[in-house]
Asker: 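For reference, the structure I am asking about is given below.
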Amino acid sequence: MAASPVKEFLLTYLMPESCYEDFFVNLNFVHGQLPQMLKIMRARSEEGLSLTSVLLHLYAISCPVVFCMANNFPLIAWGERLFTLLQTAVIGFLILHYRGDTLRGLLLLLAYSGVMFLLGSYATAVVVSMMQASSMAAIIASKVIQAGTNYSNGHTGQLSCLSVLLVWAGSLALIFVSLQETGNSLTTLAHILSAGLSCILLGQVLCLKSSSSSAKHKSK
């Protein structure tokens, strides 16, 4: 099959084929949550971050991992997704830790690990399929909740601009893959909505940055 015009342009002017495969086929945005985790740890604060949003994001990332575990895929095929999942789980713990509820954070990690083990080992095909089908809805809900939190607070707090930018780039890549591979208009629309919400979050981080800085100075 002939390469699409977009793919041909990218390979000709912007990147080698190995990078194209990494970003648009394997969807390797593995470090997307790492800047967020490091920012929380550096600031020793979870200000502005919604725990509900993070947990929904964690669920959405967990769905493909459960699928790979249930189907006994080799770790090398999904290790990068596992790394992203671990980063997001740590973010959830850090939010609770810096809210003064470390025990609850540890219990969250313990319970989550147990649930993932049970799902990966014993989940039926129907359950795995339902999780896969609901993952996009969870991602969209996660972004809506965080955007609403930002609007309500009037600032973005410790929300990482780099993480939001990487997630937005990943959303654009998913639109591209959906248009080229699936041909499913509903799936494409869902990815477009997700990318649009990521764009809103990015705009909030950039536009409300001064408000966030002002709030930090006032707190001092």
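Not measured: the values here are computed from a predicted model. Note that the numbering runs from 1 along the sequence shown for the chain.
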Asker: What residues form a side-chain contact (heavy atoms from CB on, under 4.5 Å) with Ala141, not counting sequence neighbours?
Answerer: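 For Ala141, the residues satisfying side-chain contact (heavy atoms from CB on, under 4.5 Å) (neighbours in sequence not counted) are Leu56.
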Asker: Could you pull out all residues at least two apart from Thr124 that satisfy side-chain contact (heavy atoms from CB on, under 4.5 Å)?
Answerer: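 side-chain contact (heavy atoms from CB on, under 4.5 Å) check on Thr124 returns Val126, Val127.
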Asker: Exactly one of Leu86, Ile139, Leu85 should register a side chain to side chain contact (heavy atoms under 4.5 Å, CB included) with Ile61. Which one does?
Answerer: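 Exactly one pass, corresponding to Leu85.
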Asker: Could I get the full list of side-chain contact (heavy atoms from CB on, under 4.5 Å) partners for Thr102, not counting sequence neighbours?
Answerer: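 side-chain contact (heavy atoms from CB on, under 4.5 Å) list for Thr102, sorted by chain: Phe93, His97, Leu106.
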Asker: Could you go through residues 34-43 and list every donor-acceptor pair under 3.5 Å that involves a side-chain atom there, pairing it with any protein atom two or more places apart or in another chain?
Answerer:
{"unit_1": "Gln36", "atom_1": "OE1", "unit_2": "Ser160", "atom_2": "N", "d": "2.8"}
{"unit_1": "Gln36", "atom_1": "NE2", "unit_2": "Gln158", "atom_2": "O", "d": "2.8"}
{"unit_1": "Lys39", "atom_1": "NZ", "unit_2": "Leu159", "atom_2": "O", "d": "3.2"}

Asker: Taking only residues at least two apart or on different chains, which pairs with a member in residues 60-75 satisfy side chain to side chain donor-acceptor pair (under 3.5 Å)?
Answerer: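 Side chain to side chain donor-acceptor pair (under 3.5 Å) check on residues 60-75 returns Ser62-Tyr112.
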Asker: Decide if atom CG of Leu75 counts as having more than 12 heavy atoms of other residues, nucleotides or ligands within a radius under 6.0 Å.
Answerer: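 Enclosed: over 12 neighbouring heavy atoms sit under 6.0 Å from CG of Leu75.
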Asker: Which residue pairs pass the salt bridge (charged side-chain N to carboxylate O under 4.0 Å, His left out) test when at least one of the two sits in residues 143-171, sequence neighbours left out?
Answerer: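 Every pair satisfying salt bridge (charged side-chain N to carboxylate O under 4.0 Å, His left out) with a residue in residues 143-171: there are none.
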Asker: With sequence neighbours excluded, what pairs up with Ser142 under the side-chain hydrogen bond (donor to acceptor under 3.5 Å, both in side chains) test?
Answerer: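 Scan of Ser142 (side-chain hydrogen bond (donor to acceptor under 3.5 Å, both in side chains), adjacent residues dropped) gives Ser53.
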Asker: Give me each pair satisfying salt bridge (charged side-chain N to carboxylate O under 4.0 Å, His left out) with a member in residues 82-103, each pair once, sequence neighbours excluded.
Answerer: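 Qualifying pairs, neighbours excluded: Glu46-Arg99, Asp101-Arg104.
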Asker: Any ring pair (Phe, Tyr, Trp, His ring centres under 6.0 Å) involving residues 37-73? Give me the pairs, sequence neighbours left out, ordered by first then second residue.
Answerer: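 Passing the test, one end in residues 37-73: Phe67-Phe73.
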Asker: How would you list, by chain and number, every residue that makes a side-chain contact (heavy atoms from CB on, under 4.5 Å) with Ile175, sequence neighbours excluded?
Answerer: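 Applying side-chain contact (heavy atoms from CB on, under 4.5 Å) to Ile175 gives Leu172, Leu179, His191, Ile192, Ala195.
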